Amino acid sequence: MIGEVFTWLNDPGHWKDTRFDTGIATQLTAHVRFCAFALLVALIIALPLGLVIGHTGRGRWLIAAANTLRALPTVGVLVLLTVVIAPHFYGRTDTGYLIPTEIVLIVLAIPSILSNTFAGVENVDPAVRDAAEGMGMTGKQVLLKVELPCSLPLIFSGFRSATLQVIATATIASYLPLGGLGRFIYDGLAQQDFPQMIGGGVLVAGLALVADLLLYLVQRYTVSRGLTGRFSKKRIPDARLASVTQAEVAAV
Amino acid sequence: MIRFESVSKRYPDGTVAVDELDFVAPSGQITVLVGPSGCGKTTSLRMINRMIEPTAGRILIDDQDVTKVDAAQLRRGIGYVIQHAGLFPHRTIIDNVASVPYLLGTDKKQARARAMELIERVGLDPRFAKRYPSQLSGGQQQRVGVARALAADPPVMLMDEPFSAVDPVVRDQLQEEFLRLQSDLGKTIVFVTHDIDEAIKLGDQVAVLRVGGHLAQLATPAELLSRPVDEFVAGFVGRDRGYRALTFTTVGELAVHDEQTVTLGAPVPSGADLDNWILVVDAANVPQGWLNLVELSRDDTTVSADLLYRGGTLATQGGSLREALDACLSSPSGRGVVVDSDETLLGSITAAEVLALIEKRRPAAASVTGSGSERR
Ligand SMILES: Nc1ncnc2c1ncn2[C@@H]1O[C@H](COP(=O)(O)OP(=O)(O)OP(=O)(O)O)[C@@H](O)[C@H]1O
Ligand SMILES: [Mg+2]
């Protein structure tokens with residue numbers, strides 16, 4: 001079986017587009033595009049919101065509310081949104097399907113980014129904040145020069161976990177007539193072509209690992225050594241990611 | 001000069017932390033606020049740089065009402081040191097120290113040069129400059145905290161229990177260095193502590209607060225020890241205040257006796273006229289310790305360092321009576337060793353003689369002064 005999956009993946013014919021089938025390269029690009037867009041929008045919404053709530057201490061209920069979003073059944077929401085939105089779009093565009101998919105992915109990504117950003121700011125040592133204010137930093141300076149850099153380890157871990165979830169979940173785009181790596185999984189299942197199905201799963205997992213590695217490298221060069229303690233005692237917890245990769249990929 | 005004019009602070013929950021506080025912290029001096037936990041020391045201090053706003057009264061710095069100045073602007077001109085230093089964990093030591101100059105828009109290179117100077121000035125190894133706070137001990141972090149507060153050379157410094165989170169030995173060092181620094185810099189300092197010994201050691205004047213934020217007494221350390229105004233202050237100042245007050249009493253020249261000595265490395269002396277204890281000095285006539293002639297075994301023929309009792313403290317000629325008395329009490333021979341300011345031996349004095357001096361001073365004890373140079 002493993003051999004067959006390997007053969008499927010290794011066949012150059014499967015990577016290129018043909019008259020009848022879309023190849024791996026194109027689907028991979030589509031998948032990356034869905035995910036990148038959703039993550040970017042989620043980051044633009046959740047990061048400033050988390051920073052401001054953490055800094056002011058006001059609007060904590062939003063964090064709790066966002067966390068309840070995690071409990072929504074993804075496929076159910078997707079179907080519901082499609083039923084509501086798709087009829088408004090006619091013709092040969094994908095927009096009617098794209099919008100519900102992106103909404104689902106954005107909603108999925110927001111809670112981890114938001115709650116980790118909030119927790120990062122909230123966990124800044126009160127003595128550090130006190131010193132920052134006491135030396136004459138304005139509220140904005142305290143946020144941008146102290147609270148944000150000190151929160152980065154947690155923000156990164158939230159964003160990385162969101163990335164893994166989104167990459168794994170983006171396969172549901174193929175539940176609707178859209179592309180992405182989920183295509184191989186759904187088609188493989190429908191055609192009883194198991195090497196194709198498992199091959200699709202392997203590609204999703206591979207993409208998740210590569211994305212996580214890239215983010216790890218970015219993190220390494222943006223987060224101060226004084227926080228990561230790559231020389232000493234203090235270590236910032238960064239636990240979630242490994243378990244998420246496996247669990248999420250397996251769930252699909 | 002910092003002036004409190006009937007300053008009160010009532011928190012929204014109704015707690016009155018400070019009540020009608022009136023006092024002046026003179027320029028160039030250390031004013032210590034001391035009192036039991038919850039008496040409003042921190043609240044009073046933080047009202048000076050507007051980290052807390054008073055609910056009544058005014059605070060003036062050099063006749064300028066602090067509430068009339070923009071808070072951030074005001075704070076950049078006031079050094080602020082807190083208990084756990086509150087260093088920025090993501091910045092190196094040098095960048096931590098340069099924080100306020102950066103805020104003021106000082107050129108980066110210049111700010112760092114100044115920071116480097118201060119790092120050395122507070123007694124830190126310059127190699128620490130590139131390290132991060134988590135790589136430093138608590139005492140070292142506290143030094144960085146002081147350096148950071150000094151970086152923009154503010155005329156006023158506020159310090160909230162800056163040395164209370166370190167062990168007693170380090171605390172002592174930090175206090176000594178702080179006094180040395182202050183004698184060079186002459187800042188106007190308000191210093192908060194709950195430790196009366198620290199208050200007496202560091203303060204040019206000490207304000208004792210009682211719970212509810214009332215000023216119980218404002219006085220020099222010597223006055224506080226010799227004439228506490230009421231039961232509360234007396235109790236707070238503590239039991240051995242009489243002995244500690246001797247710190248502030250000097251007697252000019254002590255009349256010393258000649259002391260027989262033997263030099264380190266010389267043969268063990270013998271003779272009927274010798275006492276059981278003989279003082280050992282080095283070649284420069286600096287006392288090293290006492291030698292017990294009775295306890296020596298036959299094999300000990302030369303005076304070597306490992307035979308010495310080193311327990312005794314030394315009194316400096318011109319120093320305080322407390323030093324003199326302590327030298328007597330701590331000396332195994334009962335004779336207190338008196339040295340010159342360059343640490344060379346002058347002679348010895350007995351506890352009875354010191355007590356006689358104390359007796360003689362008694363009527364004048366009330367008029368002792370306790371500020372400035374006599375403190376050290
Ligand atoms: N934000 C606040 N809200 C309500 N009450 C407060 C607040 N901050 C302080 N208090 C109260 O005001 C009083 C004085 O507090 P403050 O922190 O000034 O004491 P302190 O003398 O510094 O004590 P400590 O030696 O324990 O630090 C205390 O009774 C405290 O409980
Ligand atoms: Mg306090």
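Chain letters run A, B, ... following the sequence lines, proteins first and then strands; every chain starts at 1. Model, not experiment: these values are computed from the prediction.
Side-chain atoms of B:S137 and B:R143 include no donor-acceptor pair closer than 3.5 Å. For B:T193 and B:E161, the side-chain atoms include no donor-acceptor pair closer than 3.5 Å.
Heavy-atom distances place the backbone of B:L87, and not its side chain, under 4.5 Å from chain A. Of the two parts of B:R131, neither the backbone nor the side chain holds a non-hydrogen atom closer than 4.5 Å to a non-hydrogen atom of chain A. B:A71 does not touch chain A: none of its heavy atoms, backbone or side chain, sits under 4.5 Å away. Neither the backbone nor the side chain of A:D125 has a heavy atom closer than 4.5 Å to any heavy atom of chain B. Of the atoms belonging to B:R46, it is side-chain heavy atoms, and not backbone ones, that fall under 4.5 Å from chain A.
Aromatic ring centres of A:Y216 and A:F156: separated by at least 6.0 Å.
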Trace of the side chain to side chain contact (heavy atoms under 4.5 Å, CB included) decision for A:L203 with A:L207: CA-CA 6 Å; A:L203 286 168; A:L207 178 62; over 6 Å; no
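Interface check for chain A: of the options B:H90, B:M51, B:H84, B:Q83, the most heavy-atom pairs under 4.5 Å are formed by B:H90.
Aromatic ring pairs are classed by plane angle as parallel below 30°, tilted from 30° to 60° and perpendicular above 60°; the pair B:F163 and B:F178 is perpendicular.
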